[in-house]
Participant: 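Below is the structure I would like to discuss, written out as structure tokens.
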Amino acid sequence: MMKRLSLFWICLGIALVFCGRSYAFMQDYNTDKVSVSVMTKYDSFAAGESLDVLVKFRLKDGWHIYSNNPGEIGLPTSVKWKLPAGVRIENERWSLGKDFVNNGIVQNGYDDKAYYLAEIKIPENMKGKADIYGQISWLACREECIKEKFIFNFSLPVVEQFGEPCDGFAKESIASQSSFMPQEPDNPANLHLLVILAMAFTGGLILNFMPCIFPILTIKAISLAQGTINRAKSRIEALLYMAGVIASFLIIASVLVFLRSRGEQIGWGFQLQSPIFVIVMIVIFFIIFLMLLDVVSVRNPFANRVGRISFARRKINAFMTGFFAVLIASPCTAPFMGIAIGYTLAQPVYVYYPVFVALSVGYALPFTLVGFFPKAVHRVLPKPGKWMDILKKIFAIPVFLTCVWLVWVLYSQINHDAAAQTRKVEWEDYSPEKVERLLKENKPVFIDFTAKWCITCLVNKKLALQSDDFVNLAHEKGIVLLQADWTNDDTEIAKALEGYGRNSIPLYVYYNGSGVNYKILPQLLTPKILLSEID
């Protein structure tokens, strides 16, 4: 009997030794929202080799976290490393996220489970032990959002070669593979991107036929086809026109990237949000309208003056024609464009810019083809005559309607700005001292604890806090509005949340001006809720 027991414990010990190599390091972290496990493949490092490290996230009870590329709004899940000299992280991979659309805002994250996989590369001359430190941080959201983090560290010996792993790590590693983006060239994710690129290209083609641009480019194309044809020069000008279109689109794309990085929620046609830009567009379109009616004649890229200027200047004109043709097209949005550009909102830069390039190539292609094959166009056109004057006057109609529409846009902006001046309220930066002073003065105070990564905060802001009802109510009651921005870690705001018995946002606190007693409002706001809760 004793021999059997001894044999059992020996076998168990051997099994534990070998199975310990499955996750030589494994550590768990659990909250009521998410569980996180960090594991390694071996119980040691091999000099000059890479050790796989796997992080597994499992979400609980309807909570979700954001991916490492969260989209318009959200705090990315991240793994940050502190490594010894010479040690580096290679081949980091994240599970593919799932798109969430809330009130038109696109986000990307995980609501079930997700993985992060990386390799820790040890230099060949390293000996002894390697001390590895890491921090995993994420934003857990349901109705509210809560920042969480997990700090881990492990110290493993550096040996000549790895031992044999057990099944534990291998099983998790196999399970994780299906969640990563396949790296083969024909994977479904790439096919999906190809569909988006095709839609962007098609949207660019269709954009040529929108009423704000079709008359202008058509008249220009006919003028080129009916002019003196030099095949080589014509093709150079066509390519320069395409270069101008692509340059203009890429500049707009870069501006969009910059403004979105600053928290602006904008898309195609954002220029029209500026009354100054709208005024410039009205002037340009009205001049084009008069030119089509032959009321005025202006030396510009759309006028037929090719034969009167040097080829060098014609090349500059060709490039600028393409460049400004994009700005003139900004009041219009073609089918497929919205889907294609919307897809870029949650995508990295290496996906974002190709979509805009595809859009620009599609937009430039028809006019470029006219430049490459002007004789083909010339053959299908009747001889120059009265029909050209009639066509120009017909095309003047949609250009004039575009002017009318832009005037209406400008009027709406000015009217809105004038109304906003009468309803304008100022949000002040939050501080505990400011709250204390205002309460001593018996002033009503409304505090908005918010952050740029908080989707619920943003929705509440758009639907309720910027509503006419709330603005008018704040004016009537003389409410002082304070905003506590928790976008970045702020100890003072964290302490304030704790003081109200909370550790998450959004949080809305209202003091009615009659003392230090306060009311915490619901996390989901509407104008009606605000009116009923603020007495």
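Along the sequence shown, residues are numbered consecutively beginning with 1. Keep in mind that the numbers below use all heavy atoms, side chains included, and drop hydrogens, waters and symmetry copies.
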Participant: Which residues pass the side-chain contact (heavy atoms from CB on, under 4.5 Å) test with K80, not counting sequence neighbours?
Facilitator: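 For K80 the side-chain contact (heavy atoms from CB on, under 4.5 Å) partners, ignoring immediate neighbours, are S78.
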Participant: Q523 and P506: which non-hydrogen atoms are nearest, and at how many Å?
Facilitator: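 Nearest pair, atom of Q523 first, then P506: NE2-O, 3.2 Å.
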Participant: Report the distance from atom OG of S67 to atom CG of N108, rounding to the nearest 0.5 Å.
Facilitator: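 Reported to 0.5 Å precision, the distance equals 3.5 Å.
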Participant: Is there a donor-acceptor pair under 3.5 Å between the side chain of R58 and the backbone N or O of K113?
Facilitator: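 A pair under 3.5 Å: no.
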Participant: What heavy-atom pair brings P444 and Y510 nearest, and what distance separates the two atoms?
Facilitator: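 Closest heavy-atom pair between P444 and Y510: CB-OH, 3.9 Å.
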Participant: Where does the angle between the aromatic ring planes of F154 and F45 fall among parallel (under 30°), tilted (30 to 60°) and perpendicular (over 60°)?
Facilitator: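 Judged by the thresholds at 30° and 60°, the geometry between F154 and F45 is parallel.
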Participant: Test side-chain hydrogen bond (donor to acceptor under 3.5 Å, both in side chains) on D28 and S37 and set out the steps.
Facilitator: CA-CA 4 Å; D28 295 323; S37 299; 2.5 Å; yes
Participant: The criterion is salt bridge (charged side-chain N to carboxylate O under 4.0 Å, His left out); which residues satisfy it with E433, sequence neighbours excluded?
Facilitator: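 With neighbours one apart ignored, the set is empty.
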Participant: So which atom in D469 and which in P527 form the shortest heavy-atom distance, rounded to 0.1 Å?
Facilitator: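 Scanning both residues completely, I find the closest heavy atoms to be OD2-CB, 3.9 Å.
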Participant: Roughly how far, to the nearest 0.5 Å, is the CG atom of L507 from the CD atom of E144?
Facilitator: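 Those atoms lie 10.5 Å apart.
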Participant: Ignoring hydrogens and angles, tell me if any N or O in the side chain of H64 forms a donor-acceptor pair with the backbone of C141 under 3.5 Å.
Facilitator: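 Flag set: sc H64 to bb C141 pair under 3.5 Å.
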Participant: Measuring centre to centre across the rings, with the benzene-like ring taken for any Trp, is F470 within less than 6.0 Å of F446?
Facilitator: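 Yes - the distance between ring centres of F470 and F446 falls below the 6.0 Å cut-off.
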Participant: Less than 4.5 Å apart, any side-chain heavy atom of Y66 and any of P76?
Facilitator: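 When only atoms from C-beta onward are counted, P76 and Y66 do not touch, as no gap falls below 4.5 Å.
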Participant: Salt bridge between D111 and K98, side-chain N to carboxylate O under 4.0 Å?
Facilitator: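 Between K98 and D111 there is a salt bridge, with a charged N closer than 4.0 Å to a carboxylate O.
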Participant: Are any of the side-chain heavy atoms of I479 and I534 separated by less than 4.5 Å?
Facilitator: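 With C-beta onward as the side chain, the pair touches.
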Participant: Ignoring hydrogens and geometry, is there a side-chain-to-backbone donor-acceptor pair from S248 to F323 under 3.5 Å?
Facilitator: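 Yes; at least one donor-acceptor contact below 3.5 Å.
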Participant: Less than 6.0 Å separating the ring centroids of Y518 and Y500?
Facilitator: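 Here the rings of Y500 and Y518 have centres that are less than 6.0 Å from each other.
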Participant: Would you please classify the geometry between the F150 ring and the F152 ring as parallel, tilted or perpendicular, with 30° and 60° separating the classes?
Facilitator: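 Because their plane-to-plane angle lies in the 30° to 60° range, the rings of F152 and F150 count as tilted.
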Participant: If the condition is ring-ring contact (aromatic ring centres under 6.0 Å, His included), which residues does Y508 pass it with, not counting sequence neighbours?
Facilitator: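 Listed in chain order: nothing, the list is empty.
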Participant: May I ask you to decide if I151's main-chain N or O and Y133's side chain share a donor-acceptor pair within less than 3.5 Å?
Facilitator: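 It does not hold such a pair.
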Participant: Might you point out which heavy atoms bring Y511 and V509 nearest each other, and give the distance in Å?
Facilitator: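 Result for this residue pair: CE1-CG1, 3.7 Å.
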Participant: Tell me, which pairs form a side chain to side chain donor-acceptor pair (under 3.5 Å) where one or both residues lie in residues 117-129, sequence neighbours left out?
Facilitator: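 Sorted result for residues 117-129: N91-E119.
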Participant: Mind listing the closest non-hydrogen atom pair of L54 and S173 along with its distance?
Facilitator: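 Looks like CD2-N, 4.0 Å.
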Participant: Measuring from S50:OG to K41:NZ, what's the distance to the nearest 0.5 Å?
Facilitator: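 One gets 11.0 Å once the value is rounded to the nearest 0.5 Å.
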Participant: Supply the atom-to-atom distance L525 CG to L530 CG, rounded to the nearest 0.5 angstrom.
Facilitator: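 Nearest 0.5 Å value for the CG-CG distance: 5.0 Å.
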Participant: If I compare all heavy atoms of I122 with all of A130, which pair ends up nearest, and what's the gap?
Facilitator: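 Between these two residues, the closest heavy atoms are CD1-CB, 4.2 Å.
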Participant: Look at the side chain of R235 and the backbone N and O of T368, then say whether any donor-acceptor pair between them is shorter than 3.5 Å.
Facilitator: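 The answer is no, because no donor-acceptor pair under 3.5 Å joins these two groups.
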Participant: Indicate the ring-plane relationship of W138 and F57, choosing parallel, tilted or perpendicular according to the 30° and 60° boundaries.
Facilitator: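 Ring orientation, 0 to 90° scale: perpendicular.
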Participant: For the residue pair D485 and W427, establish whether any side-chain heavy-atom pair is separated by less than 4.5 Å.
Facilitator: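 Of all side-chain heavy-atom pairs linking W427 with D485, none is under 4.5 Å.
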Participant: Does NZ or CZ of K147 lie under 6.0 Å from the centre of the six-membered ring of W486, at an angle within 45° of the ring axis?
Facilitator: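 Judged by the rule (NZ or CZ under 6.0 Å from the ring centre, within 45° of its axis), K147 counts as positioned above W486.
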Participant: List for me each residue that meets salt bridge (charged side-chain N to carboxylate O under 4.0 Å, His left out) alongside E92, sequence neighbours excluded, and say none if there are none.
Facilitator: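 Once residues adjacent in sequence are excluded, E92 has no partner under the salt bridge (charged side-chain N to carboxylate O under 4.0 Å, His left out) criterion.
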Participant: Would you please name every residue forming a salt bridge (charged side-chain N to carboxylate O under 4.0 Å, His left out) with K434, sequence neighbours left out?
Facilitator: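 Checked K434 against salt bridge (charged side-chain N to carboxylate O under 4.0 Å, His left out); matches are E428.
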Participant: A side-chain contact here means heavy atoms from C-beta on lying under 4.5 Å apart; do V36 and E148 qualify?
Facilitator: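 Side-chain contact under 4.5 Å: no.
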Participant: Establish, yes or no, whether a centroid distance under 6.0 Å links the rings of F449 and Y430.
Facilitator: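 Judged by ring-centre distance (under 6.0 Å), F449 and Y430 do meet the cut-off.
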Participant: Counting heavy atoms not belonging to K519, are there more than 12 under 6.0 Å from its NZ?
Facilitator: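 Enclosed.
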